Amino acid sequence: MKKAIGLILIFVFLAVVLLGGMAWAAKYRFTFISHAGEENPFWAAVYRGAQDAAKLLNVDFMFVRPKEEGDLPAQLSQFEAALAQKPDGIITTIPHPDMFDEVVKKAIDAGIPVICSNTDDPEGAKGNARLSYIGQDLVQAGYFLAKKVTEGLPAGEKYHFLISVGGPGLVWAEQRAKGITQYLDEMGYTYERLDTTMKMDVAQSRIQAYLQAHPETKGVIAVEYNHASAAKAAKNLGYKPGELLIGGFDLVPEVLAEIKSGYIKLTIDQQPYLQGFLPIVQLYLMREYGLSAWDVNTGNAVVDASNVDLVLELSQKRVR
Amino acid sequence: MERSSWAFNWRRVLLLRETSSLIMLFVVIIVFFSIAPLFLSKENVGVVLEIIPELGIVALGVTMLMITGEFDLSVGSVFAFCPIMMALFMDWGMNSVLAVLCALVIGAGLGALNGFITLTFGIPSFITTLGAMLIWRGGVLLLTGGWPPPFPVGMFTGALVGKIGILRVSLFWFGIITLILWFILERTDFGNWMFASGGNQIAARAMGIDVRRVKLANFMLCSLLAGFSGVIQSFRLETTLPSMGNGLEMEAIAATVIGGTALSGGVGTLIGTVVGSFLIRMIDNGLIMARAPSYWFRVFIGIATILAVILNTFVRERAKKLRC
């Protein structure tokens, strides 16, 4: 029995040490709930931004993510758990048109401000009670990307494109894909969507297989960061830099490296650091001075060979 | 009555397979409550109780199957497949009750397929259901093209997830299913056959038990419950997502093992599985309440799983040696 009691004591001790050290007293407590899984490198910059803001303003900040990328039921129950904790403010992504309507309203009715970051309800403020949206206009960004990638192609010809969709069915991915296909349709180009997952190794092998089966493909447009995987696939298959038009979103280190190598034509940066930093600042100002929330378009910053070196430097600091 | 009988009971309590997981449950509740008193607030208890049945019902099926000595890794995929089929049937104009029943029949059918392939070709169910897990997850994406079918308006959601105060009806379904399965397992011949089939197949056959039929029935039950639980979740969220139930199979197996069911079959307890399901969901929720980064969740479930099994073995061995 002694050993058994010892084991229990060890468990209690571990739990208290691990958890007790994490909570400290601060003026305000904010919680950030995201749909993105822990393996998603893009979110490191969001986290960094939020953490920097929290440190600057001396507020307690917690980041909650589901174990599996895009596990929305888990995100919803995490939201409810965070709500039960009665924080001073909640930041969330809204990756589904209806699922988060009720719970966001519940929070706001309870006097807890909710700010949306990164991914908004497709109907914007009409579709969800969140106070503001800090992120990219997703459809417009997809349209803009497709236009930029195909820029310079001789007119009148028909080309085929592969669209990499890492999160089929998720709002952020579908919205961008919508913008991309809108532009390709206007140009009369053909395209096919491929579920590439958010895991870079899986994405690479799937894109590589697709390119082998469809050698007529003129380019790969990704709604996420899988254009880095497309670049690696192109390299493996013996394409020369620039032969395949490759573009996508976000600035993970792999993407920057492939812009330098010339395989990626461009990437659209939505400046995730701001998506973490600004909501914390907004919530703080709302709590401290009763100011109201405001929308921010974190933008369509194009990164290509012309400015990649500057961005690389900032990327190492995890700011971009 | 007399002293000795009290001591006898104490020994029996320690011998129960559920004891160690129950101890852990209390420890976890006390630890989280002392760090974050809001953990036991009425609101948060409601939050936890509404997500437990969805894991618990799946874990009950996994436990029954594991007792007969087989695995099902495809429960997470069936969990998504059944509600999607239901939504598709209704999209094609089928009556809502009929659509749910058809989806559940499909669930049981997928289990029968797992059982048939495993038992006919004599391959490990681990392999069969690993394959099935990929097939049905892929099937969901194929059927929906990544976009879930619209969730029908005016469904009879009240019957499965209606709210009574802070509780949801799904909790009562969980209770009723637990009771029925407990009765089958502990009080009927079929339950004895299950333990015998999982413990020693040759002896079981010698006793005249149709091991194949017992296992096949449990494959079907396990898959049926996974499908039913998926329907419950889709009713609660009023949507059907292709990603539903991702990773659920591992959580269900963890709940089963934490509860005291042996991975090798032949031994197991449903009450323990219920406790295991509570434990997993409470750790998940408690870490958020304690404002710990979510990265800790896996670490804790890992520690809890190993500790539970060590405790279980240890307490029982000690209890056997107690002289009363």
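We name chains A, B, ... by the order of the sequence lines, and we start the count at 1 in each one. Worth saying up front: this structure is predicted, and the values here are computed from it rather than measured.
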(request) Among the options A:P73, A:S77, A:G70, pick out the one with the most heavy-atom pairs lying under 4.5 Å from chain B. (result) A:P73
(message) Taking side chain as everything from C-beta outward and backbone as N, CA, C, O, which of these in B:E50 sits under 4.5 Å from a heavy atom of chain A? Side chain, backbone, both or neither.
(response) side chain
(request) Examine whether an atom of B:L237 lies under 4.5 Å from a heavy atom of chain A, and if so say whether it belongs to the side chain, the backbone or both; otherwise answer neither. (result) both
(request) Give the member of B:I51, B:L241, B:N285 that has the highest number of heavy-atom pairs under 4.5 Å with chain A. (result) B:L241
(message) Please report the interatomic distance CD(A:E68) to CE(B:M244), rounded to the nearest 0.5 Å.
(response) 14.5 Å
(message) For B:E251 and A:K67: C-alpha separation, side-chain torsions, deciding distance, then whether side chain to side chain contact (heavy atoms under 4.5 Å, CB included) applies.
(response) CA-CA 12 Å; B:E251 285 182 326; A:K67 281 158 283 156; 2.6 Å; yes
(message) Using a 4.5 angstrom heavy-atom cutoff, name the option from A:H96, A:K86, A:E69 with the most pairs to chain B.
(response) A:H96
(message) Counting only heavy atoms not in B:K163 (residues, nucleotides, ligands), do more than 12 fall under 6.0 Å from its NZ?
(response) yes
(message) How long is the straight-line distance from CG of A:D101 back to CD of B:E238, given to the nearest 0.5 Å?
(response) 11.0 Å
(request) For B:W173, look at atom CH2 and say whether over 12 heavy atoms of other residues, nucleotides or ligands are found less than 6.0 Å away. (result) no
(message) I'd like to know if the side chain of A:Q78 and the backbone of B:I288 have a donor-acceptor N/O pair within less than 3.5 Å.
(response) no
(message) For a quick test of reading the model, state the closest non-hydrogen atom pair linking A:A84 to B:S41 and the distance between them.
(response) O-OG, 4.5 Å
(request) Identify the heavy atoms of A:D71 and B:N246 that sit nearest to each other, and give their distance. (result) OD2-O, 4.5 Å
(request) Under 4.5 Å heavy-atom distance to chain A, tell me which part of B:Q233 shows up: side chain, backbone, both or neither. (result) side chain
(message) Tell me whether A:E102 at atom CD has more than 12 heavy atoms from other residues, nucleotides or ligands lying less than 6.0 Å away.
(response) no
